[in-house]
Amino acid sequence: MNLPLRIGPQGQLWGRRLVIALPYVWLLLFFAAPFAIVAAISISETTLDTVPPVTPALSSTAYALLFEDALYPAAYLNSVRIAAIATAITLLIGYPMAYAIARAPAGWHGPLLMAVILPFWTSFLIRIYAWIGILSENGLLNQVLRGTGLVENPGSLLGTEWAIYLGICYAYLPFMVLPLYAALEKMDLSLLEAAADLGARPWRAFLTITLPLSVPGILGGCLLVFIPAVGEFVIPDLLGGTETLMIGKVLWDEFFLNSDWPVASAVAMLMLVILVVPIVFFQRARARELTKDQGAAG
Amino acid sequence: MTTPPLIRIERVVKRFGDVLAVAGVDLDIARGELFALLGGSGSGKTTLLRMLAGFDMPTEGRIVIDGADMAGVPPYARPVNMMFQSYALFPHMSVARNVAYGLEREGLPRSEITDRVDQALELVQLGAQANRRPHQLSGGQRQRVALARAIVKRPKVLLLDEPLAALDRKLRERTQLELVELQRRLGIAFVMVTHDQDEAMTMATRIAVMDHGRIVQVGTPAEIYEQPNSRFVADFIGLANIFEGEVTARADGVLRIACPALGGEIHAVTSTSAAGPVAIVIRPEKFALGKDAGGLPGTVRNVVYLGDESVFHVALKTGAEIQVTRMNADRRDAGAINRGDAVRVAWSADSVVVMPR
């Protein structure tokens with residue numbers, strides 16, 4: 001039997017609500033609820049071996065510990081520093097790449113972007129493990145260095161901060177290249193002709209036209225690299241040395257070595273604040289600038 | 001030739017791969033001219049302009065501007081400025097900074113830059129908008145910013161790529177006259193690309209009509225209209241009635257031409273020494289149309305009333321179909337001759353243009 005599918009105005013309204021509700025339900029289940037749980041754990045009483053179920057309380061002991069023990073501030077600062085340096089290096093590598101792709105002949109854009117994304121087809125973990133093989137004492141890199149006689153006794157790069165930079169740049173490069181490409185690709189090339197026509201040499205035209213117009217791409221790419229890099233655990237754990245202190249590792253240690261869930265949750269909450277506050281501030285500033293522009297138009 | 005031309009284009013050819021965009025152009029443009037390159041899309045007019053600006057380099061031939069060979073000279077070192085069809089205003093800079101951009105590249109002192117930017121903005125009546133961003137302006141204001149930015153450097157030549165194409169009709173007509181006025185005041189040579197024949201006729205001191213990468217005819221607007229040298233030009237500029245004929249005799253500057261479409265032998269007052277098969281062009285307004293007057297008999301097939309004038313489509317008894325325009329000088333004129341009326345058309349031997357077929 002074939003029933004005609006007829007949706008009245010009432011049905012349409014419910015359909016619309018359902019479509020709008022779906023992402024909110026998703027956010028509630030997989031973001032808000034876990035976030036609330038972590039927040040609740042972070043303010044519960046911390047004792048030795050505090051694992052769930054924890055008794056909810058209104059205690060600030062976990063947070064107090066973060067400021068008393070010099071380890072935590074050091075780990076936060078170190079994470080932000082390493083993430084910032086790694087982001088800057090990624091930008092310096094990613095910008096020329098994105099520029100080259102955006103200015104390549106039209107037919108090349110697809111394949112070149114594909115090549116940038118291609119490493120994602122292999123597991124992140126496996127790719128980081130592969131770097132161990134390259135960077136270790138008797139790894140590929142040192143074999144090449146020794147074989148060519150360039151360096152007689154190269155030390156191992158593995159276990160140094162440089163290995164972390166390398167790992168972050170390698171892993172997050174696509175997140176930098178894609179927003180930069182989007183910003184550079186949509187740029188009107190007649191602007192560069194106008195700049196040249198007005199007497200700007202190519203390098204000057206780049207600095208005064210291309211660079212300022214790609215700022216949204218630069219900021220987008222930097223945020224996409226910086227934010228996950230601050231909390232990164234796998235790369236410092238596998239490539240960095242034992243002495244490299246990053247907040248992601250501290251977090252893991254609190255959860256799984258010390259089994260101190262309230263402190264671990266407090267570490268996570270504070271990391272969120274450290275990342276969210278500057279982002280919100282930055283978004284506000286941009287929104288203000290936009291409305292100011294439009295306000296003056298009237 | 002007493003004074004050398006400001007721009008000399010010699011046997012310039014431009015190929016993009018297999019495509020021949022400009023197929024051998026020779027052209028001189030003098031100081032103070034408002035020169036129009038007129039043609040349809042793909043006629044090579046824009047490519048020629050871009051070669052003057054330095055964005056494209058000629059495959060063959062050479063371009064000399066003010067005595068200097070432009071071969072290998074990049075755009076930023078040429079004594080020309082361009083107004084782009086899209087205006088190409090820098091979206092992240094204010095109006096004043098857009099206009100100042102070219103002067104900053106010359107490394108002029110701040111105070112001079114400010115003065116000249118103010119002057120340029122006054123000239124285009126945008127002094128009050130100096131701190132706005134381009135996206136906050138209307139289309140007409142943007143066009144004037146682009147103009148101010150291009151003239152503030154006092155170039156020897158201003159290149160204009162379809163300068164008014166993005167404006168609506170009323171604004172376009174007013175801006176045409178403003179541009180001509182500005183050009184006279186500045187004394188800079190303007191070279192303008194347009195596909196709009198009305199624009200070229202209204203503004204230019206001389207016009208080059210282009211087709212398939214070649215210049216078909218160069219002349220003043222009146223020469224191009226009244227003395228077209230080919231069917232293409234006659235057809236491209238304005239309305240034209242084109243017939244075929246055969247020169248039978250020539251005496252005292254008068255050609256006798258056998259033209260069956262116009263009822264047998266006609267006379268043409270012309271200096272051309274055409275012989276044999278020719279094409280004959282008579283502009284629609286050159287015909288006199290009347291019910292009682294003399295001339296070739298025909299029937300009005302259709303009347304297009306345009307307000308100031310009317311266009312009559314007349315089927316002649318000879319079988320030819322012509323267009324005749326008539327000013328509606330008197331309010332009673334409109335409606336005096338209607339569809340289906342029997343009429344007679346006449347013309348003078350002066351208005352007949354003869355060209356080789």
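Naming: A, B, ... by sequence-line order, numbering from 1 per chain. All values reported here derive from a predicted model rather than from experimental measurement. Basis for what follows: all heavy atoms, side chains included, without hydrogens, waters or symmetry-related copies.
Two residues are said to be in side-chain contact when any heavy atoms from C-beta on lie closer than 4.5 Å; B/Arg50 and A/Glu193 meet this criterion. Using a 4.5 Å cut-off on side-chain heavy atoms (C-beta onward), B/Phe90 and A/Leu191 make contact.
Within the 4.5 angstrom heavy-atom criterion, only side-chain atoms of A/Asp188, from C-beta onward, approach chain B. For a residue to count as touching a neighbouring chain, one of its non-hydrogen atoms must lie under 4.5 Å from one of that chain's; by this rule B/Leu103 does not touch chain A.
Using non-hydrogen atoms only and a strict 4.5 Å limit, the part of residues 146-166 of chain B facing chain A consists of B/Arg149, B/Lys153. Of all residues in residues 107-121 of chain B, none places a non-hydrogen atom less than 4.5 angstrom from a non-hydrogen atom of chain A.
Among the candidates A/Ala205, A/Gly199, A/Ser190, the residue making the largest number of heavy-atom pairs closer than 4.5 Å to chain B is A/Gly199. Top candidate by heavy-atom pairs under 4.5 Å with chain A, chosen from B/Pro91, B/Ala77, B/Ala53, is B/Pro91. Ranking B/Pro75, B/Pro74, B/Gly54 against chain A, the residue ahead of the rest is B/Pro75, based on heavy-atom pairs under 4.5 Å. Most heavy-atom pairs under 4.5 Å with chain B, from the set A/Thr208, A/Leu189, A/Leu192: that is A/Thr208. Contact count against chain A (heavy-atom pairs under 4.5 Å) is highest for B/His92 among B/Met83, B/Met82, B/His92. Annotation: maximal heavy-atom pairing with chain B below 4.5 Å, among A/Pro202, A/Ala195, A/Pro212, occurs at A/Ala195.
Annotation for A/Arg201: atom CZ does not count as buried by contact number, only 12 or fewer foreign heavy atoms lying within 6.0 Å. Within a 6.0 Å radius of CZ in B/Arg184, no more than 12 heavy atoms belonging to other residues, nucleotides or ligands are found.
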Chi angles and distances behind the side chain to side chain contact (heavy atoms under 4.5 Å, CB included) call for A/Leu198, B/Tyr76: CA-CA 6 Å; A/Leu198 292 166; B/Tyr76 54 81; over 6 Å; no
